[in-house]
Amino acid sequence: MKIAVYPGSFDPITKGHIDILKNGAEIFDKVIIAVARNSEKNAFLTVEERVELIKKSVKDIENVEVDSFDGLTIEYAKKRNANVILRGLRAVSDFEYEMQLSQANSALSSDIKTIFMITKPKYNFISSSTIKEIYLNNGDISKFVPEPVYELLQNRK
Ligand code: ADP
């Protein structure tokens with residue numbers, strides 16, 4: 001059984017994240033999307049809110065599990081018997097950081113490989129921080145986030 005962990009802040013989850021997750025779910029037997037608890041600092045949503053929103057957004061994808069974790073991603077991946085860490089790449093600007101992270105993880109545990117996926121062009125510019133900025137300035141975020149995220153944020157206004 002091939003298991004991938006898809007880690008991140010997901011503050012909030014976007015359609016770009018969902019795209020990567022769906023691709024992952026087609027390739028691996030199981031994908032565990034996991035919210036990093038150390039991303040709580042300066043966060044927009046609590047980890048519990050983020051997990052809840054992800055659960056609602058991915059409920060139709062059978063082989064996806066939603067979780068959160070503390071500490072190092074690689075330790076979490078080992079604990080969950082994962083073979084792969086899944087990450088998304090948008091632009092060249094993501095590359096350097098992601099390369100360092102993946103090489104550090106591979107130095108910590110060479111058994112677990114990092115695999116990168118490139119999102120569809122229409123999701124390329126979407127980031128959680130851009131979405132927060134648009135939302136906080138009363139722009140329309142409905143095209144960029146899954147329905148449950150849109151609803152929660154609308155009700156919060
Ligand atoms: P982190 O804080 O770990 O960067 P994010 O929640 O911002 O967490 O992103 C999690 C993963 O999803 C990262 O691999 C990131 O590159 C990827 N990602 C974020 N937005 C997109 C997008 N629009 N398309 C594809 N991948 C994305």
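Quick note: residue numbers are just sequence positions, from 1. Read the numbers this way: they start at 1 and go in the same order the structure lists the ligands and their atoms.
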- [ ] Determine whether the side chain, the backbone, both or neither of Arg90 has a heavy atom under 4.0 Å from any heavy atom of ligand 1.
- [x]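 Looking at Arg90 and ligand 1, just side chain atoms fall under 4.0 Å.
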Below the 3.5 angstrom mark, is there an N/O of [X], backbone or side chain, next to an N/O of ligand 1?
X	value
Ile20	no
Gly88	yes
Thr14	no
Phe10	yes
Ser127	no

Task: Glu98, His17, Met117, Lys122: member with heavy atom nearest to atom 7 (O) of ligand 1 - done: His17
Open item on the list: Just to be sure I'm reading this right: ignoring hydrogens, which of Ser128, Ser9, Ala91 gets closest to atom 8 (O) of ligand 1? Compare them by their nearest heavy atoms.
Closed with: Ser9
TODO: Compute the minimum heavy-atom distance from Pro7 to ligand 1 and say whether it is under 4.0 Å.
DONE: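 True for this residue.
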Task: Any Phe125 heavy atom less than 4.0 Å to ligand 1 - done: no
TODO: Indicate, with yes or no, if the rings of Phe144 and Tyr135 have centres closer together than 6.0 Å.
DONE: no
Task: Check: Arg87 side chain, Glu98 main-chain N or O, donor-acceptor pair, under 3.5 Å - done: no
Task: Side-chain (Ser9) to main-chain (Asp11) donor-acceptor, under 3.5 angstrom - done: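 No, Ser9 side chain to Asp11 backbone: no donor-acceptor pair under 3.5 Å.
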- [ ] Establish, from distance only, whether the side-chain atoms of Tyr76 and Asp70 form a donor-acceptor pair under 3.5 Å.
- [x] no
Open item on the list: If we count only N and O atoms by modelled type, under 3.5 Å, do the side chains of Ser142 and Asp140 hold a donor and an acceptor together?
Closed with: yes
Task: Presence of salt bridge, Asp19 and Lys122, under 4.0 angstrom - done: no
